[in-house]
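Worksheet: the structure to be examined is printed underneath.
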Amino acid sequence: GAALALSAAGANAATYASDVISYNPGQCKNFNPSVCPVATGSERYDPANALGAADNKFFALGLGGNITLGFGKTFGAPNNVSTYEVTYSRDTGHDEAVEVFAVLGGLETSLGVLTNVIGSATLLATMTFEYIKLVDVTKSVFPNSSSFDGFDVDAVSVAAVPLPAAGALLLAGLGGFAALRRRKNAA
């Protein structure tokens, strides 16, 4: 029973994005060059900031921009896909949104839209995929947002959907019955 629980816990560990497959920077609507220096290589526009675990370094997609991230493997279904966003102070009208796509063989399947209500949010992927694509949809979801450069991606992770406790108990019970039957047949 304990070995089953430990293996199930290890199987649900998150895998973080490890590769930038492609990106297309969106628009920046702030004309202050110190805030919005896309051309000068500001750290907030470095797509590598979206890789690895959440660390408060982020990649600003830009309004309408997108990024496709790889994880070094293909995922079977089902999986939880989580995004981590650093500017989630929606009280000030700084609303941002991103549409999340699962990608397999170039085919993109929308998983849904996430907003910056909280620092991280999760969608369920019920299909096999190799990449996750994030597309900023801030202006279509929040036309009056004060955001000037869209959704800020700190990290993206994928984790297998945990086996429900009832399923683990069922497996343990069936294993117990098998052990009793084997013991009875040996006697």
Side-chain angles (χ1 to χ4, degrees), residues 14-17 19-39 42-71 75 77-159 161:
T15 300
Y16 289 90
D19 303 296
V20 175
I21 305 305
S22 67
Y23 75 99
N24 296 301
Q27 294 182 331
C28 182
K29 296 287 187 174
N30 188 319
F31 298 105
N32 178 345
S34 67
V35 174
C36 206
V38 178
S42 168
E43 187 172 296
R44 69 187 294 126
Y45 301 107
D46 180 355
N49 287 341
L51 302 178
D55 59 5
N56 288 323
K57 292 181 180 179
F58 63 91
F59 172 61
L61 287 174
L63 298 171
N66 66 71
I67 189 169
T68 302
L69 300 168
F71 299 82
F75 295 94
N79 284 284
N80 287 321
V81 177
S82 300
T83 63
Y84 301 83
E85 218 274 13
V86 296
T87 55
Y88 50 92
S89 57
R90 292 190 59 213
D91 297 347
T92 63
H94 193 82
D95 302 322
E96 296 174 341
V98 66
E99 186 166 8
V100 181
F101 294 86
V103 182
L104 180 63
L107 180 65
E108 299 175 0
T109 303
S110 178
L111 301 179
V113 174
L114 299 174
T115 66
N116 64 337
V117 173
I118 56 175
S120 67
T122 301
L123 292 168
L124 179 65
T126 59
M127 72 290 297
T128 300
F129 63 93
E130 56 191 335
Y131 306 126
I132 292 294
K133 181 176 182 178
L134 305 174
V135 179
D136 179 77
V137 292
T138 297
K139 287 302 182 183
S140 62
V141 174
F142 302 112
N144 297 318
S145 174
S146 64
S147 176
F148 57 85
D149 64 355
F151 198 84
D152 302 319
V153 183
D154 184 1
V156 176
S157 69
V158 176
V161 173

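This structure is a prediction, so every number in the text was calculated from the model and none was measured.
Between Val161 and Asn79 the shortest heavy-atom distance is CG2-N, 3.8 Å. Annotation for Phe58 and Val86: closest pair CD2-CG2, 3.2 Å, computed over non-hydrogen atoms. Closest non-hydrogen pair, Tyr84 versus Ser157, comes out as OH-OG, 3.4 Å. Residues Gly70 and Ile21 approach most closely at N-CG1, 3.7 Å, considering heavy atoms. Here the shortest heavy-atom pairing between Glu96 and Ser147 reads OE2-OG, 2.8 Å. The minimum heavy-atom distance linking Ala54 with Ala155 is given by the pair N-CB, 3.5 Å.
Within the 3.5 Å criterion, the main-chain N or O of Asn56 finds a donor-acceptor partner in the side chain of Asp154.
Applying the salt bridge (Lys or Arg N to Asp or Glu O under 4.0 Å) test to every pair with at least one member in residues 106-129, sequence neighbours left out, gives these pairs: Glu108-Lys133. Here ring pair (Phe, Tyr, Trp, His ring centres under 6.0 Å) pairs that include residues 104-126, with residues two or more places apart or in two chains, number zero. Listed by first and then second residue, the ring pair (Phe, Tyr, Trp, His ring centres under 6.0 Å) pairs that reach into residues 100-121 come to none, sequence neighbours excluded. For residues 49-62, the set of pairs meeting the salt bridge (Lys or Arg N to Asp or Glu O under 4.0 Å) definition, not counting sequence neighbours, is empty. Contacts classified as ring pair (Phe, Tyr, Trp, His ring centres under 6.0 Å) and involving residues 109-138 (residues at least two apart or in different chains) are given here: Phe75-Phe129.
A search for side-chain hydrogen bond (donor to acceptor under 3.5 Å, both in side chains) contacts involving Ser110 returns Glu99, not counting sequence neighbours. Every residue two or more places apart in sequence or in another chain was checked for a side-chain hydrogen bond (donor to acceptor under 3.5 Å, both in side chains) with Thr126, and none qualifies. When the side-chain hydrogen bond (donor to acceptor under 3.5 Å, both in side chains) test is applied to Asn66, the partners found at least two apart in sequence or on another chain are Asn24. Applying the side-chain hydrogen bond (donor to acceptor under 3.5 Å, both in side chains) rule to Asp152 yields the partners Thr87; only residues at least two apart in sequence or on another chain are considered. Residues passing the side chain to side chain contact (heavy atoms under 4.5 Å, CB included) test with Thr128, sequence neighbours excluded: Thr74, Leu104.
Counting heavy atoms from C-beta outward, Ile132 and Thr68 have side chains that stay 4.5 Å or more apart. Within the 4.5 Å cutoff, no side-chain heavy atoms of Asp95 are placed close to those of Thr115. Contact check for Val153 versus Leu61: side-chain heavy atoms found under the 4.5 Å cut-off.
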Would you give me the side-chain donor-acceptor pairs under 3.5 Å for residues 134-144, sequence neighbours excluded?
residue	atom	partner	partner atom	Å
Asp136	OD1	Thr138	OG1	2.6
Asp136	OD1	Phe151	N	2.8
Asp136	OD2	Gly64	N	3.0
Asp136	OD2	Thr138	N	3.4
Thr138	OG1	Ala97	N	3.1
Thr138	OG1	Ala97	O	3.4
Lys139	NZ	Ser145	O	2.8
Ser140	OG	Val137	O	3.0

**Prompt:** Please walk me through it: do Val158 and Asn80 pass side-chain contact (heavy atoms from CB on, under 4.5 Å)?
**Reply:** CA-CA 6 Å; Val158 176; Asn80 287 321; over 6 Å; no

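With values rounded to the nearest 0.5 angstrom, Leu111 atom CG is found 11.5 Å from Thr122 atom OG1.
Aromatic ring pairs are classed by plane angle as parallel below 30°, tilted from 30° to 60° and perpendicular above 60°; the pair His94 and Phe148 is perpendicular.
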